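Quick note on labels: first sequence line is chain A, next is B, and so on, each numbered from 1. Computed from a predicted structure; not experimentally measured.
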Amino acid sequence: GIQVEQSPPDLILQEGANSTLRCNFSDSVNNLQWFHQNPWGQLINLFYIPSGTKQNGRLSATTVATERYSLLYISSSQTTDSGVYFCAVDSGGYQKVTFGTGTKLQVIP
Amino acid sequence: DGGITQSPKYLFRKEGQNVTLSCEQNLNHDAMYWYRQDPGQGLRLIYYSQIVNDFQKGDIAEGYSVSREKKESFPLTVTSAQKNPTAFYLCASSILFGAFTGELFFGEGSRLTVL
């Protein structure tokens, strides 16, 4: 099956700093999503982005499907951005979604 | 409000007992999914269903069972055959666009602890 890897696995930022999280996938995909899992475990939808670039406030995402990667940009980070960020891809076939390994982000004041 | 409701949020059970986790959605989504998450790990697919009365095994289906008698409901039973049932269980749903999965939405999860 498809492999989905995220980097870096762990990231510590000072509040106000910018960061880029990466998601690599091993095969072509029909769509890609980014999620933020907060400390209570809830998964919050950030972007549904099969290709191209989208922006939502301080966050933006870019997916280059032909090169099999996606990037999540966080600007002016805040402590509330802490948590784990997952990408998830739909590679078709059995119509199931595969999650990446996650990036654990800690933003310190 | 539209969304996905999981219950219970916390559940404690003795080893050897079957437990059933509830998942209900009012989003009119075709597909529903169950994922398992262990501490510090990612999400792994247990079962998914694209249509009523049909479901497919995911990557870690052993020791679990599901049913899909109504479009809105997709309960998961953790049986006594599951060797390590203590985990965080997440239910999700999505629209299907033919062969493609639409945006995935999640419930708040159920934490199962087996004593």
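Each of B:V114 and B:F88 belongs to its own hydrophobic cluster when Ile, Leu, Val, Met, Phe, Trp and Tyr are linked at side-chain heavy-atom distances under 4.5 angstrom. Linking Ile, Leu, Val, Met, Phe, Trp and Tyr residues whenever their side-chain heavy atoms come within less than 4.5 Å leaves B:L90 and B:F105 in two separate clusters. Hydrophobic clustering keeps A:I2 apart from A:F35 (ILVMFWY residues linked when any side-chain heavy atoms are closer than 4.5 Å, directly or through intermediates). In the hydrophobic clustering of ILVMFWY residues, with side-chain heavy atoms under 4.5 Å counting as a link, A:Y69 and A:L21 come out apart. A:L72 and A:V84 end up in different hydrophobic clusters when Ile, Leu, Val, Met, Phe, Trp and Tyr side chains are linked at under 4.5 Å.
Heavy atoms of B:Q37 lying under 4.5 Å from chain A belong exclusively to its side chain. Heavy-atom distances place both the backbone and the side chain of B:L43 under 4.5 Å from chain A. At a 4.5 Å heavy-atom cutoff, the contact between B:R111 and chain A is made by side-chain atoms alone.
Between A:V97 and B:Y35, some side-chain heavy-atom pair lies under the 4.5 Å cut-off. Two residues are said to be in side-chain contact when any heavy atoms from C-beta on lie closer than 4.5 Å; B:T101 and A:N31 meet this criterion. Between B:L45 and A:F99 there is no side-chain heavy-atom pair separated by less than 4.5 Å.
In the displayed structure, B:E62 atom CD is contacted under 6.0 Å by at most 12 heavy atoms of other residues, nucleotides or ligands. Counting non-hydrogen atoms of other residues, nucleotides and ligands closer than 6.0 Å to CD of A:E15 gives a total above 12. Remark: A:I44 CD1 is packed, more than 12 non-hydrogen atoms of other residues, nucleotides or ligands lying under 6.0 Å away.
If you take CG on A:N45 and CZ on B:F106, they are separated by 8.0 Å, rounding to the nearest 0.5 Å. One finds the CD atom of B:Q41 at 10.0 Å from the OG1 atom of A:T101 (value rounded to the nearest 0.5 Å).
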*Kindly determine whether B:L104 and A:Y48 satisfy side-chain contact (heavy atoms from CB on, under 4.5 Å), including the steps that lead there.*
CA-CA 9 Å; B:L104 211 61; A:Y48 177 73; over 6 Å; no
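Among A:Q37, A:Q6, A:K104, the residue with the largest count of heavy-atom pairs under 4.5 Å with chain B is A:Q37. Chain B forms the most heavy-atom pairs under 4.5 Å with one residue out of A:P50, A:G41, A:G102, and that residue is A:G41.
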